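Just below is one structure, and these are the notes that go with it.
Values in this document were obtained by computation on a predicted structure and should not be read as measured data.
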Amino acid sequence: MSLWEQAGRPVLVAAASGAALFLGVRGGRVDPRTVRRMVHERLRAAGVPTDTGPHGLRHTAATHLLEGGADLRSVQEMLGHSSLATTQIYTHVSADRLKASYRQAHPRA
């Protein structure tokens, strides 16, 4: 169990919290706009273009996991997709990237 789950979350928990892991200052689920703002602030501080957001980070992480050899079911579970078909979108991105790299590097492509 993380330090957040032991010491941070219990301070904010309220009737509206439910099973949410991350809570806002009033104890409810963190608003998606707040998450987006926080991600943009951290990306800006790191010198990354802010047109990347939470979904872009999620997409990049899933793609890198699959390119690194993670199995599709594990990535599906991590992303919380109910359908494997939804997760398979990331394999097409990897295949397209591989084809583009091949065409760029191969002299007769």
Identify the two heavy atoms, one from [X] and one from [Y], that lie closest to each other, and give their separation to 0.1 Å.
X: Leu12; Y: Val25; answer: CD2-O, 4.0 Å
X: Arg29; Y: Ala20; answer: CG-CB, 3.6 Å
X: Ser17; Y: Arg9; answer: CB-NH2, 4.0 Å
X: Ala62; Y: Val75; answer: CB-CG1, 4.0 Å
X: Arg58; Y: Leu79; answer: NH2-O, 2.8 Å

Q) Is it the case that one hydrophobic cluster holds both Val39 and Val48, taking links as side-chain heavy atoms less than 4.5 Å apart, direct or via other members? A) yes
(message) Atom CE of residue position Met78 - does it have more than 12 heavy atoms of other residues, nucleotides or ligands inside 6.0 Å?
(response) yes
How many angstroms lie between atom [atom1] of [X] and atom [atom2] of [Y], to the nearest 0.5 angstrom?
X: His55; Y: His59; atom1: NE2; atom2: NE2; answer: 7.5 Å
X: Glu77; Y: Leu84; atom1: CD; atom2: CG; answer: 12.0 Å
X: Thr63; Y: Ile89; atom1: OG1; atom2: CD1; answer: 10.5 Å

Notebook entry, point to check: Do the side chain of Trp4 and the main chain of Phe22 share a donor and acceptor less than 3.5 angstrom apart?
Noted result: no
* Does the side chain to side chain donor-acceptor pair (under 3.5 Å) test come out yes or no for His40 and Arg36, once each step is laid out? -> CA-CA 6 Å; His40 279 243; Arg36 177 171 284 284; 3.2 Å; yes
Checking Arg73, Gln76, His81 against Thr87 for side-chain hydrogen bond (donor to acceptor under 3.5 Å, both in side chains), the one that qualifies is His81
